[in-house]
Enquirer: 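A single structure is presented below for examination.
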Amino acid sequence: IDPGPRMRIGALDISLTGPGETDPAFQKALKNLPLKNGAPLDHRDYDKSKASLESVAAERGYFDFRFTRHELRIDRNTIQALVLLQGVTGPRYRFGAVRLHQDVLEPDLLERLVALKQGELYSTTSLLDLQSTLVDSDYFSNVDIQPRRDQIVEEEIPIDVTLTPKPKHRYSAGAGYGTDTGPRARLGYENRLVNRKGHRF
């Protein structure tokens with residue numbers, strides 16, 4: 001088997017247009033793409049580059065992002081490849097109303113835990129922070145956050161948060177032995193939710 005010479009990237013034509021073209025996240029992604037002029041051609045690098053830009057778009061709320069051209073042109077005579085990746089970012093969407101679905105706490109109390117504000121720029125990092133905050137409150141066993149892209153109005157996307165409460169009562173027990181104190185035992189009880197104001201016992 002004679003594989004012959006390995007094809008290399010002869011030219012790159014990668015660009016973004018639209019409202020997000022100056023977004024630092026897109027600029028960083030473009031700078032760090034695995035495709036390099038003169039490097040050996042690897043189709044995986046081409047796929048990774050496309051996925052990287054699509055990932056930034058999804059994380060930053062550019063839901064209309066699309067590639068207008070995505071081509072890998074091969075020239076067998078020169079043993080070189082031309083990479084064409086041209087995308088349009090579209091607008092960056094914002095958070096709409098955050099709708100909390102639960103019957104555990106008073107709405108006013110729960111809303112204090114929600115840092116997201118309607119009109120803020122969309123970011124999945126903000127959604128993960130919200131999820132962590134609600135889980136850490138120790139009131140809920142599951143926090144399900146759903147951006148409702150089917151209900152976008154004027155580039156604002158509503159966020160549905162469905163909260164499953166933890167069991168109200170928690171019991172614990174333990175035993176041990178210390179050379180100075182001898183045997184010992186521990187019993188514990190916690191009421192996670194005495195009332196809808198979030199009081200515990």
Side-chain angles (χ1 to χ4, degrees), residues 1-96 98 114-136 142-161:
I1 298 174
D2 180 10
R6 186 173 184 183
M7 185 161 295
R8 294 182 175 272
I9 298 175
L12 295 170
D13 186 355
I14 302 175
S15 63
L16 292 177
T17 59
E21 63 181 295
T22 59
D23 188 315
F26 273 127
Q27 293 298 313
K28 181 179 179 180
L30 289 171
K31 182 179 179 181
N32 294 328
L33 293 182
L35 295 168
K36 304 297 180 185
N37 199 14
L41 176 62
D42 188 327
H43 284 248
R44 292 171 298 180
D45 290 339
Y46 174 74
D47 292 333
K48 287 177 183 177
S49 296
K50 288 179 62 180
S52 175
L53 295 173
E54 291 169 336
S55 177
V56 171
E59 197 280 331
R60 303 280 283 176
Y62 293 96
F63 298 124
D64 297 332
F65 176 89
R66 63 186 177 88
F67 287 108
T68 54
R69 297 184 73 178
H70 47 100
E71 303 173 14
L72 193 56
R73 297 182 179 179
I74 305 300
D75 189 331
R76 293 178 178 271
N77 295 322
T78 62
I79 318 176
Q80 290 188 335
L82 167 63
V83 178
L84 284 167
L85 278 180
Q86 297 173 358
V88 177
T89 69
R92 185 176 181 184
Y93 284 78
R94 297 176 179 270
F95 288 117
V98 179
V114 179
L116 297 185
K117 302 301 179 185
Q118 185 169 355
E120 289 182 356
L121 292 171
Y122 183 95
S123 165
T124 56
T125 300
S126 297
L127 294 180
L128 291 173
D129 289 342
L130 172 61
Q131 186 178 47
S132 295
T133 297
L134 293 172
V135 169
D136 292 344
N142 187 58
V143 178
D144 181 48
I145 299 179
Q146 293 292 334
R148 297 306 303 268
R149 293 178 58 176
D150 59 325
Q151 299 178 15
I152 290 175
V153 177
E154 295 181 354
E155 298 181 0
E156 288 190 350
I157 178 169
I159 307 297
D160 279 340
V161 182

Enquirer: Which value, rounded to the nearest 0.5 Å, describes the distance between Leu85 atom CG and Leu35 atom CG?
Expert: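 So the gap between those two atoms works out to 7.0 Å.
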Enquirer: What heavy-atom pair brings Asn37 and Gly10 nearest, and what distance separates the two atoms?
Expert: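 Heavy atoms only, the tightest pair is OD1-O, 3.0 Å.
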Enquirer: Which atoms form the tightest heavy-atom contact between Glu156 and Gln118, and what is the distance?
Expert: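 Taking Glu156 first and Gln118 second, the nearest heavy atoms are OE1-NE2, 3.0 Å.
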Enquirer: Atom CZ of Phe67 and atom NZ of Lys50: how far apart are they, to the nearest 0.5 Å?
Expert: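 Phe67 CZ to Lys50 NZ: 6.5 Å, rounded to 0.5 Å.
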Enquirer: Run the side chain to side chain contact (heavy atoms under 4.5 Å, CB included) test on Phe26 and Thr89 for me, step by step, so that the C-alpha distance in whole Å, both residues' side-chain angles and the decisive distance to 0.1 Å come before the verdict.
Expert: CA-CA 9 Å; Phe26 273 127; Thr89 69; 3.9 Å; yes
Enquirer: Is a donor on one side and an acceptor on the other found under 3.5 Å between the side chain of Gln131 and the backbone of Val143?
Expert: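 Yes, because the side chain of Gln131 sits within donor-acceptor range (under 3.5 Å) of the backbone of Val143.
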Enquirer: Write down the atom of Gly90, the atom of Asp64, and the distance for their closest heavy-atom approach.
Expert: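 Closest approach of Gly90 to Asp64, heavy atoms only: CA-CB, 4.4 Å.
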Enquirer: Determine whether the aromatic ring centres of Tyr93 and Phe95 lie less than 6.0 Å apart.
Expert: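 No, they do not, as the ring centres are separated by 6.0 Å or more.
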Enquirer: Should we say atom NZ of Lys36 is surrounded by more than 12 heavy atoms from elsewhere, each under 6.0 Å from it?
Expert: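 Yes, enclosed.
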Enquirer: Verify side chain to side chain donor-acceptor pair (under 3.5 Å) between Glu59 and Ser123, making sure each step is shown before the conclusion.
Expert: CA-CA 6 Å; Glu59 197 280 331; Ser123 165; 3.3 Å; yes
Enquirer: So does Gln86 get a backbone contact from the side chain of Thr68, meaning a donor-acceptor N/O pair under 3.5 Å?
Expert: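 It does hold such a pair.
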Enquirer: For side chain to side chain contact (heavy atoms under 4.5 Å, CB included), just list the numbers for Ile14 and Leu33, CA-CA rounded to whole Å, side-chain angles, deciding distance to a tenth of an Å, and then say yes or no.
Expert: CA-CA 10 Å; Ile14 302 175; Leu33 293 182; 3.9 Å; yes
Enquirer: Going through the checks in order, is the side chain to side chain contact (heavy atoms under 4.5 Å, CB included) test met by Ile79 and Arg8?
Expert: CA-CA 7 Å; Ile79 318 176; Arg8 294 182 175 272; over 6 Å; no
Enquirer: Applying the side-chain contact (heavy atoms from CB on, under 4.5 Å) criterion to Ile145, which one of Val98, Ile159, Leu116 satisfies it?
Expert: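 Of the listed residues Val98, Ile159, Leu116, the side-chain contact (heavy atoms from CB on, under 4.5 Å) partner of Ile145 is Ile159.
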Enquirer: So does Lys48 get a backbone contact from the side chain of Ser52, meaning a donor-acceptor N/O pair under 3.5 Å?
Expert: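 Between the backbone of Lys48 and the side chain of Ser52 there is no qualifying donor-acceptor contact (under 3.5 Å).
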Enquirer: Hey, what do you get for CD1 (Ile157) to CD (Gln146), rounding to the nearest 0.5 Å?
Expert: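 The CD atom of Gln146 is 10.0 Å from CD1 of Ile157, to the nearest 0.5 Å.
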Enquirer: Quick one: closest heavy-atom pair of Thr124 and Ala58, and the distance?
Expert: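 Nearest heavy atoms, Thr124 then Ala58: CG2-O, 4.0 Å.
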Enquirer: Using a 4.5 Å cut-off on heavy atoms from C-beta on, say whether the side chain of Asp75 contacts that of Leu82.
Expert: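 A side-chain contact is absent here, since even the closest heavy-atom pair is not under 4.5 Å.
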Enquirer: Does any N or O in the side chain of Thr133 come within less than 3.5 Å of the main-chain N or O of Asp129, such that one atom is a donor and the other an acceptor?
Expert: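 Such a contact is found between Thr133 side chain and Asp129 backbone.
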Enquirer: Quick one: pull up CZ in Arg94 and NZ in Lys117 and give me the separation to the nearest 0.5 Å.
Expert: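 Reported to 0.5 Å precision, the distance equals 16.0 Å.
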Enquirer: Nearest 0.5 angstrom please: Leu128 CG to Thr125 OG1, how far?
Expert: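 Here the interatomic distance stands at 6.5 Å.
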Enquirer: Nearest 0.5 Å please: distance from the CD atom of Glu54 over to the OG atom of Ser49.
Expert: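 Those atoms lie 11.0 Å apart.
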Enquirer: Is there a side-chain contact between Ile9 and Gln80 (heavy atoms, below 4.5 Å)?
Expert: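 A side-chain contact under 4.5 Å is absent here.
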Enquirer: Between Leu41 and Leu72, does a side chain to side chain contact (heavy atoms under 4.5 Å, CB included) hold up when you go through it step by step?
Expert: CA-CA 10 Å; Leu41 176 62; Leu72 193 56; 4.1 Å; yes
Enquirer: Under the 3.5 angstrom rule, does the side chain of Tyr62 hit a backbone N or O of Pro19 as a donor-acceptor pair?
Expert: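 No, Tyr62 side chain to Pro19 backbone: no donor-acceptor pair under 3.5 Å.
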Enquirer: Has the side chain of Arg92 got a donor or acceptor atom that lies under 3.5 Å from a matching backbone atom of Tyr122?
Expert: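 Yes, Arg92 side chain to Tyr122 backbone: donor-acceptor pair under 3.5 Å.
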Enquirer: How far apart are the closest heavy atoms of Glu120 and Ala115, and which atoms are they?
Expert: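 Taking every non-hydrogen atom into account, OE2-O, 4.0 Å.
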Enquirer: Per the side-chain contact (heavy atoms from CB on, under 4.5 Å) rule, which among Val56, Thr22, Leu30 passes with Leu16?
Expert: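 Going through the options one by one, the only one that passes is Leu30.
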